[in-house]
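For reference, the structure discussed in these notes is given below.
Residue numbering restarts at 1 for every chain, and letters A, B, ... go by the order of the sequence lines. From a predicted model like this one, the values you see are computed outputs, not experimental measurements.
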4 protein chains.
Amino acid sequence: MAGSVNKVILIGNLGADPEIKRTQDGRPIANLRIATSETWRDRTSGERKEKTEWHRVVIFSEGLCKIAEQYLKKGSKVYIEGQLQTRKWTDQSGVEKYSTEVVLQNFNSTLTMLDGRNSGGGSFGPDDAGGGFGSGSPSGSAPRRAAAADSHRGDMDDDIPF
Amino acid sequence: MAGSVNKVILIGNLGADPEIKRTQDGRPIANLRIATSETWRDRTSGERKEKTEWHRVVIFSEGLCKIAEQYLKKGSKVYIEGQLQTRKWTDQSGVEKYSTEVVLQNFNSTLTMLDGRNSGGGSFGPDDAGGGFGSGSPSGSAPRRAAAADSHRGDMDDDIPF
Amino acid sequence: MAGSVNKVILIGNLGADPEIKRTQDGRPIANLRIATSETWRDRTSGERKEKTEWHRVVIFSEGLCKIAEQYLKKGSKVYIEGQLQTRKWTDQSGVEKYSTEVVLQNFNSTLTMLDGRNSGGGSFGPDDAGGGFGSGSPSGSAPRRAAAADSHRGDMDDDIPF
Amino acid sequence: MAGSVNKVILIGNLGADPEIKRTQDGRPIANLRIATSETWRDRTSGERKEKTEWHRVVIFSEGLCKIAEQYLKKGSKVYIEGQLQTRKWTDQSGVEKYSTEVVLQNFNSTLTMLDGRNSGGGSFGPDDAGGGFGSGSPSGSAPRRAAAADSHRGDMDDDIPF
DNA sequence: TTTT
DNA sequence: TTTT
């Protein structure tokens, strides 16, 4: 549709190390599990409450996959900007299932590390290569960004088993 | 968790009129189906492509429910700001299902009409009453906003059948 | 600094037609004036109040400049996503002035028309060419997006007179 | 204007301790200086470049002021969500000046600490009181949020000297 | 399964 | 199921 926006912004921690897979033609896909949570004090009991929400984040950008692989691990705090996408799949017993994921793929996706632990964090767009912070190309670098720009974009509907 | 953010921003059109339900104790819940879509031209074929994504939006705020009921209908264009939430439920055959929804409930939720059709659009926070644009209290109105501030907040985990 | 985010999201109307200028080496720059406003009812007087805020939006992306030139005009409603930037300049009398602008330049910038008036709106990233909606390349189009990717990025600090 | 959005999202570090002032009638106002920066590698020279942007953040919410006062200091990393506002003022020599600030005031404002240093960070809406994390009321707490909800909203245009 |  |  013309004139629409689909944006998700999360700041949370990884519940596990990133899981990197490859499609048959070699493109990487990174899967992250990110927790966000809210805490509040119950009105009546006065108890401290907490509710954690788990998010499935899928990275289709080759550059961001490299960065996820190299710098993120269980516990890492990240800022991510992506879009909502729901996939339909059929499980072993033939039951139709839906999975809603936060996808980092297009030019408006961002992955930013908020930890000081791994060389201090950095901010990346979808096509940044992850050759270390020395040669890597954080957010704003034109040439690297332009390099391959979501070259998998046309495969968005591929039936990728993950 | 401390220091986390869970935010969804959508601009899209309603695929159907809002569906308003009530909990047993009378609190309203509005369900919206919102479509966002992207269009692009295929690299190789040159064809124009379009992909539409459907989002389930659930409004727990009484004020925003009223506004949805009064002003939104099939085709309405809206800006919404809410948060991601995944519910688990069991269908008739006993199969566990998950549904990920964009929830408008807390103080950071917003619903803004982008259509000129219904009195020109307006922007609302979660506790705005919907007594028409004349008496309604668009975004920024302190007193109305403070009135009932998500009084259902503590019921967030209720098992609401919708 | 590593790990930072600088993002502005506006939905508003143009107060005037876009003003397009060119740098000496021919790169286009579009300037937009966008109004956002809030309305509320005064707590005590019950009066309806409105406050309008005017924003200076500057587009350095060649593709988005074309789109602004072709499709936007006074009154157009737009969604824009850019970043805050403050420029220092000296006026004729030698007084130092500062101007804070919302800049659309890098890969995370977006311009989306929310009007039905001009062929119905569309969503664009920074490198979309504006050859009409037929040949234009809305948000998500990989090849066009990759084309020139902010080729002016290195000139960010140029002393552009506008 | 109906149907508008004015939102700024920043993640950055404080360049100095928060500066807390009070209006004549005792309301607190906190001023923060927040730096965001981008780094990139120059296309031609291959040099590593960095550009830092400084933002003026003004907090009108009493609860968020307390939190800023108690938990933020020079170097703190924060996530903030507010809105753009430009003030006009006249300096000592009678010259008209403009200052654009990110204002945290209304129900859609958020302040989240992203440091582990000060008791681990937390997320707050505009009306959270800052009586320590034990009694404080992080994002989502209905009763505290409802307490005074931007009771200074009507004074938005006060001529506050800061 | 994270984090505080 | 929307919208263009």
[atom1] of [X] versus [atom2] of [N]: gap in Å, rounded?
| X | N | atom1 | atom2 | answer |
| --- | --- | --- | --- | --- |
| A:R41 | E:dT4 | CZ | C1' | 14 Å |
| C:Y79 | F:dT3 | OH | P | 22 Å |
| A:N31 | E:dT1 | CG | C1' | 14 Å |
| A:E53 | E:dT2 | CD | C1' | 13 Å |
| C:D115 | F:dT4 | CG | C1' | 13 Å |
| B:L10 | F:dT2 | CG | C1' | 13 Å |
| A:K49 | E:dT3 | NZ | P | 24 Å |
| A:H55 | E:dT3 | NE2 | C1' | 13 Å |

* **Ring-on-base stacking F:dT1 with B:W54 (under 5.5 Å, under 30°)** =>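 So yes, this residue stacks on that base, both cut-offs being met.
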* To do: For D:E69, check side chain to side chain contact (heavy atoms under 4.5 Å, CB included) against everything at least two apart and list the hits.
  =>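 Side chain to side chain contact (heavy atoms under 4.5 Å, CB included) check on D:E69 returns D:I20.
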* Please confirm whether the backbone N or O of C:K77 pairs with a side-chain atom of C:D115, one donor and one acceptor, at under 3.5 Å? =>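 Yes; at least one donor-acceptor contact below 3.5 Å.
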* Asked: What distance do A:R56 atom CZ and B:L84 atom CG have between them, rounded to the nearest 0.5 Å?
  ->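 That separation rounds to 13.0 Å.
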* With the side chain of A:A35 defined as its heavy atoms from C-beta on, choose the nearest nucleotide among F:dT3, E:dT1, E:dT2. =>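 The listed nucleotide nearest to A:A35's side chain is E:dT2.
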* Report the nucleotide, chosen from E:dT4, E:dT1, F:dT2, that has the shortest atom-to-atom distance to any side-chain atom of A:E50. =>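 So the side chain of A:E50 is nearest to E:dT4.
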* Looking at B:R48 and B:E50, does any basic side-chain N land under 4.0 Å from a carboxylate oxygen? ->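 Salt bridge flag = no for B:E50 with B:R48.
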* Asked: Do the side chain of B:T52 and the base of F:dT2 come within less than 3.5 angstrom through a donor-acceptor pair of N or O atoms?
  ->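 Indeed there is one.
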